[in-house]
K.L.:
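One structure is given below, represented as structure tokens, and several questions about it will come after.
Lettering of chains follows the sequences in order, A, B, ..., and the numbering in each one begins at 1.
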There are 2 protein chains.
Amino acid sequence: MTAPSDARARGTRLPRVRRRRQLLAAAQEVFVARGYHAAAMDEIADRAGVSKPVLYQHFPGKLELYLALLEEHSEALVEKQREALESTEDNQKRVTASFQAYFDFVAGDGEAFRLVFESDLRNLPAVREKSEHTLQRCAELIGEVIRQDTSISDDEAHLLSIALVGMAETTARYWLNNHGSVPQNAAEQLVARLAWRGISGWDLTRSADEGD
Amino acid sequence: MTAPSDARARGTRLPRVRRRRQLLAAAQEVFVARGYHAAAMDEIADRAGVSKPVLYQHFPGKLELYLALLEEHSEALVEKQREALESTEDNQKRVTASFQAYFDFVAGDGEAFRLVFESDLRNLPAVREKSEHTLQRCAELIGEVIRQDTSISDDEAHLLSIALVGMAETTARYWLNNHGSVPQNAAEQLVARLAWRGISGWDLTRSADEGD
DNA sequence: TCCTCATCTTACTCCCGCGTAAGTTGAGTG
DNA sequence: CACTCAACTTACGCGGGAGTAAGATGAGGA
């Protein structure tokens, strides 16, 4: 069912850096499949075709191993967002690119997104903060764009950005769980349209809606 | 800091039903504050002013205790959504009411929303399914309304609904973590406007946007 | 007053999984 | 061929927390 990435003939010695990379890969597989708590250091070591103390020669403990992966993929998401928003000057295309980046992130890299969005270690302050900080930074990138084109306050622009990121995260995860109902491209387009309709020309309707 | 709900003078006997309710309340406090894994049955018992075996006379195990709470609050959220959508026939007001319900859910009941949205037991199939099913049912309620007014396909209407629910969940949680930047009412209104601008009159722009 | 039975307590057992002490192997060097 | 040192192994200590066995306690009826 789940093929070990590369558990070479248990007995092969590896130079330090290669081994470290391989251990991180093995750890990612196990953490993604089982979550932090149910993941056993023994299983990670096994999956790498190595014994447990080797793991501890590369990482001081289970937590640090996990945090290293979390850090890596959180940064990757923010970076993907940045690239998407810098890829064009057309705001409508920016919206599309932004959603595409989210869907790509969720679809790629061995489901690593589960570490970022579904961590079962959120109760640890360090993890909660990283998780919130990642959301924050994605929203900040989008917020800058919004502020350029609207006379909205900073707090409000930020909240709208959070809303857009929330849409992206939730729909991307839903889409992944239900492959088959809609192809990736169609899903991205649909949600991007919803977002663009929502955000474009915001100032124009603002005063009109105000009289409630 | 955290005041125990009602740890009556450790030594007071209670009739079975009262005790059960009190144990559920104590368990909720601990599960919310610590998450499933870090929550100890000893602490739950202590918080209720009772010894551990009493807990086991009311619930077969930690898991069942947790699932009882999860079930209760998941149902409460769906019910709040239903009420919000049934509260009016005006779709714009429906959107507002729907977001208000989400914010109220997040703001109320001792942060019980953390059980539904931030469970650290998602890796357990039973919990994952309940969590996804709750999202599904909320989206279904909204989807019915959308389908009444658009010629969109069922799959697409459902995906849009997921997007709206994602907006609500993410913004409500963000708002709760950052009280002070924006009052609840303003946040609800702002996000509701974004959503309404997004979906209202969907069919009108559909064909126009199609020519990309 | 004494009996009954539900409520509640103390004081364990047991398992699981992180982290480690101590010892082994083998590739490259003089 | 002997020496060295990093890479690796087996086998264990140990803490923490779920669940339990066996006994205490007290309200209410005969």
Side-chain angles (χ1 to χ4, degrees), chain A residues 4 6-27 29-31 33-70 120-121 123-124 126-127, chain B residues 4 6-27 29-31 33-70 120-121 123-124 126-127:
Chain A
D6 53 348
R8 312 156 180 255
R10 178 164 191 126
T12 324
R13 292 190 174 194
L14 251 51
R16 202 172 162 75
V17 248
R18 277 187 75 77
R19 182 62 85 194
R20 186 191 153 95
R21 265 200 292 276
Q22 188 217 8
L23 288 174
L24 278 169
E29 287 180 19
V30 178
F31 281 135
R34 303 230 188 288
Y36 179 83
H37 290 100
M41 292 298 265
D42 291 276
E43 185 178 355
I44 294 172
D46 277 0
R47 170 97 34 144
V50 114
S51 75
K52 205 167 30 162
V54 171
L55 211 41
Y56 284 90
Q57 282 165 3
H58 287 264
F59 304 93
K62 186 182 183 182
L63 182 60
E64 289 79 8
L65 177 54
Y66 185 82
L67 290 178
L69 288 166
L70 183 60
D120 59 343
L121 207 61
N123 291 95
L124 198 74
V127 172
Chain B
D6 53 348
R8 310 154 182 260
R10 178 161 192 127
T12 325
R13 291 192 175 193
L14 252 50
R16 200 170 164 77
V17 249
R18 279 186 75 76
R19 181 64 84 194
R20 185 190 154 94
R21 265 200 294 275
Q22 187 217 8
L23 289 174
L24 279 168
E29 287 180 19
V30 178
F31 281 134
R34 303 229 188 289
Y36 179 83
H37 290 100
M41 292 296 265
D42 291 277
E43 184 178 356
I44 294 172
D46 277 359
R47 172 98 30 146
V50 113
S51 74
K52 203 167 32 163
V54 170
L55 211 41
Y56 285 90
Q57 282 166 2
H58 288 265
F59 304 94
K62 187 183 182 181
L63 182 60
E64 289 78 8
L65 177 53
Y66 186 81
L67 290 177
L69 287 166
L70 183 61
D120 59 342
L121 206 61
N123 291 95
L124 198 75
V127 171

K.L.:
At less than 4.0 Å, is any side-chain N or O atom of R19(B) found next to OP1 or OP2 of dC8(C)? Yes or no.
P.N.:
yes
K.L.:
Measure the distance from CD on Q57(B) to P on dA21(D) and round it to the nearest whole Å.
P.N.:
13 Å
K.L.:
Taking the side chain as every heavy atom from C-beta outward, state whether F31(B) and L70(B) have any pair of such atoms under 4.5 Å apart.
P.N.:
no
K.L.:
Any non-hydrogen side-chain atom of V50(B) less than 4.5 Å from a side-chain atom of L55(B)?
P.N.:
no
K.L.:
Is there side-chain contact between L23(B) and L65(B), with at least one heavy-atom pair below 4.5 Å?
P.N.:
no
K.L.:
Which whole-number value in Å describes the distance from R13(B) CZ to dG28(D) P?
P.N.:
11 Å
K.L.:
How does protein reach along nucleotides 15-20 of chain D, written 5' to 3' as B (base within reach of a heavy atom under 4.0 Å), S (only sugar-phosphate), or - (no contact)?
P.N.:
---BBB
K.L.:
Rounding to an integer number of Å, can you tell me how far Y66(A) OH sits from dG19(C) C1'?
P.N.:
20 Å
K.L.:
Would Q57(B) and R19(B) satisfy side chain to side chain contact (heavy atoms under 4.5 Å, CB included), going step by step from the backbone distance to the final call?
P.N.:
CA-CA 11 Å; Q57(B) 282 166 2; R19(B) 181 64 84 194; over 6 Å; no
K.L.:
Starting from C1' on dA27(D), measure out to CG on L14(B) and report it in whole angstrom.
P.N.:
14 Å
K.L.:
Does any N or O in the side chain of E64(B) come within less than 3.5 Å of the main-chain N or O of G61(B), such that one atom is a donor and the other an acceptor?
P.N.:
yes
K.L.:
Considering only side-chain heavy atoms of R16(B), which listed nucleotide, dT25(C), dC8(C), dT7(C), is closest?
P.N.:
dT7(C)
K.L.:
Are side-chain heavy atoms of I44(A) and E29(A) found at a separation under 4.5 Å?
P.N.:
no
K.L.:
Whole angstroms only, please: what is the CG-P distance between D46(A) and dG17(C)?
P.N.:
13 Å
